[in-house]
Chemist: 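Could you have a look at this structure, given as structure tokens, before my questions?
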Amino acid sequence: MTFLHSRKIRQLSLAFILPLLGIVSIAGIGMIALYSMEVGARYDIRRIENAIQQETVHNAELKDELYSLLDRKNAAEYAASQGLVLEKNPEYLQVETPIAPSLAQNL
């Protein structure tokens, strides 16, 4: 009888331990997957931050170039290099009829 009783305890312990072992294994695999996703997200964030920093520097360089082109000091030099001549008596385009008659009535 004692032998049968020991077998029942062993069966009960296996019935408890095996599902518990399965749950722990699944949880461990899930934690590894979550950690892998977190590492991937951190890498992507760093990569995007570096790209933003590079684009910020590039934007500043473009702004500096634009401001230097639009500077009054350089405007005369740029015009001369492009073969532009300062017009002493400019003639402007004049339109005899209004482009939009409905707008002319509101004036």
Side-chain angles (χ1 to χ4, degrees):
M1 286 288 232
T2 308
F3 185 70
L4 291 175
H5 184 66
S6 172
R7 199 177 261 180
K8 284 183 180 181
I9 293 174
R10 185 177 293 166
Q11 287 176 350
L12 286 175
S13 65
L14 284 177
F16 179 72
I17 291 175
L18 288 178
L20 184 63
L21 185 61
I23 291 171
V24 169
S25 299
I26 291 172
I29 291 171
M31 293 299 288
I32 291 171
L34 283 174
Y35 178 74
S36 176
M37 288 175 18
E38 180 185 357
V39 168
R42 285 184 183 176
Y43 174 76
D44 289 341
I45 288 171
R46 262 192 242 122
R47 186 175 48 85
I48 290 170
E49 285 176 346
N50 288 338
I52 289 172
Q53 185 178 18
Q54 289 174 353
E55 290 303 318
T56 302
V57 169
H58 184 67
N59 188 26
E61 291 171 354
L62 287 175
K63 281 184 179 180
D64 185 46
E65 185 178 340
L66 176 67
Y67 294 149
S68 69
L69 286 175
L70 297 177
D71 190 17
R72 289 185 184 258
K73 296 175 186 174
N74 298 333
E77 294 173 12
Y78 180 74
S81 71
Q82 297 297 317
L84 301 175
V85 179
L86 181 62
E87 184 73 30
K88 299 292 180 187
N89 298 316
E91 294 181 18
Y92 297 101
L93 178 66
Q94 295 179 358
V95 179
E96 298 298 327
T97 59
I99 296 174
S102 62
L103 291 177
Q105 291 172 0
N106 292 337
L107 296 175

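We count residues from 1, following the sequence as given.
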Chemist: Among Gln54, Glu61, Glu55, which residue satisfies the side-chain contact (heavy atoms from CB on, under 4.5 Å) criterion with Val57?
Modeler: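 One option only clears the test, and that one is Glu61.
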Chemist: What residue pairs, at least two apart or across chains, pass side-chain hydrogen bond (donor to acceptor under 3.5 Å, both in side chains) with a residue in residues 22-40?
Modeler: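 Of all non-adjacent pairs touching residues 22-40, those that pass side-chain hydrogen bond (donor to acceptor under 3.5 Å, both in side chains) are Glu38-Arg42.
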Chemist: Rounded at 0.5 Å granularity, tell me how far CG in Asn50 sits from CD1 in Ile45.
Modeler: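 Asn50 atom CG to Ile45 atom CD1 measures 12.0 Å (nearest 0.5 Å).
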Chemist: Nearest 0.5 Å, what's the CD-OG1 distance between Glu49 and Thr56?
Modeler: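 Reported to 0.5 Å precision, the distance equals 11.5 Å.
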Chemist: Hey, could you give me the CD1/CG distance between Ile52 and Asn59, rounded to the nearest 0.5 Å?
Modeler: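 It comes to 12.5 Å.
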Chemist: Would you indicate whether Gln53, at its atom CD, is surrounded by more than 12 heavy atoms from other residues, nucleotides or ligands within a distance under 6.0 Å?
Modeler: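 Atom CD in Gln53 is not packed in, count stays at 12 or less.
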Chemist: Between atom CD1 of Ile26 and atom CG of Leu21, what is the distance when rounded to the nearest 0.5 Å?
Modeler: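 Nearest 0.5 Å value for the CD1-CG distance: 10.0 Å.
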